[in-house]
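Numbered from 1 within each chain, the chains take letters A, B, ... in sequence-line order. As the structure is a computational prediction, the values presented were derived from the model and not from experiment.
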There are 2 protein chains.
Amino acid sequence: MAAKAQRTPRRTDALSKERIIEAATEILDTDGENALTLRVLTTRLNTGYGAIYHHVANKSDVLAAATDEVIARVMTGVVIDAPPREALRAVALGLFDAIDAHPWVGAQLSREPWRPALLEIYESIGRLLDALHVPERALFDAAGALVNYVLGVAGQNAANARALAHGEADRSVFLATAAAHWSQLDPDKYPFVHKAATQLREHDDREQFLAGVDIFLAGIATLR
Amino acid sequence: MAAKAQRTPRRTDALSKERIIEAATEILDTDGENALTLRVLTTRLNTGYGAIYHHVANKSDVLAAATDEVIARVMTGVVIDAPPREALRAVALGLFDAIDAHPWVGAQLSREPWRPALLEIYESIGRLLDALHVPERALFDAAGALVNYVLGVAGQNAANARALAHGEADRSVFLATAAAHWSQLDPDKYPFVHKAATQLREHDDREQFLAGVDIFLAGIATLR
DNA sequence: GACTCGTTGGATCGTCGCTCCAATACGCTA
DNA sequence: TAGCGTATTGGAGCGACGATCCAACGAGTC
């Protein structure tokens, strides 16, 4: 083998923000949120810090851009020519599934809500609520409520994924442990939580999320 | 003054987890989330890392304990002998105000939901929903939905506070900037957000939060 | 063929959370 | 009262992080 030149030659496969975000997304998806460091990113891309920072402002920028990408893909992929109510459920489920598949998106949405991803979500939900004939004066509040509910669930998903990432075997074990903990609480001090332990163990996140959406939609229907 | 001994003598004002959490809370409240570092904490308490780590497992532990304290104070302080519906609104508002005053609590609740604080919240909300005669099979979903909504708002509050902490003058300027940005969007691509810009500028977070709670409660009422 | 300038890679910086351990004095026992 | 065990203390130091800075490179332009 020829001796390596004093400096590695200029790469031919041009670096770009897209390529950086793509690599970041892969790392985030396979190894979780805190596995994404600039060092890992440089290794993965066979480059150095300078090259990356030339295309990208900082680490938050990478995370935000990756989030925007995921969300944009969801929002364009959802069928919106269904009846508004069904479309709303579809949008919500689409978001849930995307965040379930990429839990780091959930954390990011709460962390920097002013970036484009949330705008897309607001727009889509607001427009559908309008189609549902929610009165104009209530539209803003209703959209805010629904978006915040989605964000709350998103954050929880991200937290659970983080907990599962290190230790904690798998999800059913995790839930069983939590449920056992709940059911051991003093029924006099914690009657509700104690009773809910069973449902905690058996519940399906996705179905519960949808049940919440339905509750909100029912509440919104009373506004008309 | 006597020359300082080679090592500072054992302190007389005993260090304790309570004192550490108290100092941490002060730092968090006055200087924001990322101002809380162990170095700052040691300076504030006139001690070293070892002393702190003797009383506390790690930094998350400090944050979690501080959060538990704030939430516990809220949950015990709220009047619960009002009609359930009013009590629920009071609990929600109490949480909102606490998180508004201590935004870092909002971030922490999303970050580590399995610690005691959220348990307290679940219990209180679940019990009140039960008093509202929500059917047992729907209780778990309803409580989850309401809690997740609160968590979503809490996360947003935390994010806003973080944004305001550095730069960004004050809240009205921040909102005006965001609203201006929204209203400059293409009305054809973003009809809802474009229209909502005015309300974004003028809205009151607290009132909007309560409007969301009411929507949720109205939805819950349909479950009976 | 010379020059330019958008890219590139990595040495380096300051800060972080945390570990580790020698030193210390409180409170118990005799 | 003297001695001892142990809970507590402070801080040097470690490894990892995000970010900055700059010398070197080569694809395009004329």
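Here the side chains of A:Ile121 and A:Val147 are in contact, with some heavy-atom distance below 4.5 Å. Two residues are said to be in side-chain contact when any heavy atoms from C-beta on lie closer than 4.5 Å; B:Leu95 and B:Val78 fail this criterion.
Counted by atom type alone, B:Asn160 and A:Trp114 present zero donor-acceptor pairs between their side chains at under 3.5 Å. For B:Arg39 and B:Tyr49, the side-chain atoms include at least one donor-acceptor pair closer than 3.5 Å.
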Look for any protein N or O under 3.5 Å of an N or O in nucleotides 13-17 of chain C and output each such pair with its distance, or none.
unit_1: C:dG17; atom_1: OP1; unit_2: B:Lys59; atom_2: NZ; d: 2.7
unit_1: C:dG17; atom_1: OP2; unit_2: B:Leu38; atom_2: N; d: 3.0
unit_1: C:dG17; atom_1: N7; unit_2: B:Arg39; atom_2: NH2; d: 2.6
unit_1: C:dG17; atom_1: O6; unit_2: B:Arg39; atom_2: NH2; d: 2.8

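Atom NE2 of A:His54 and atom P of C:dG10 are 17 Å apart (whole Å). One interatomic measurement links the two molecules: CG of B:Asn46 to C1' of D:dG11, which rounds to 14 Å at whole-angstrom precision. Going from atom CD1 of A:Ile20 over to atom C1' of C:dT7 covers 11 Å, rounded to whole Å.
A donor-acceptor pair under 3.5 Å is formed between the side chain of A:Asn148 and the backbone N or O of A:Gly144.
The residues A:Asp68 and A:Arg73 are annotated as not salt-bridged, no charged nitrogen and carboxylate oxygen being separated by less than 4.0 angstrom.
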Assess whether salt bridge (Lys or Arg N to Asp or Glu O under 4.0 Å) is satisfied between B:Glu22 and B:Arg19, documenting all intermediate values.
CA-CA 5 Å; B:Glu22 187 188 328; B:Arg19 274 179 46 77; 5.8 Å; no

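Heavy-atom distances under 4.0 Å link DNA chain C to no residue of residues 106-117 of chain B.
The aromatic rings of B:His203 and A:Phe140 lie perpendicular to each other, with more than 60° between the two planes, well past the 30° mark.
For A:His55 and C:dG6, the shortest distance from a side-chain N or O to OP1 or OP2 is not below 4.0 Å.
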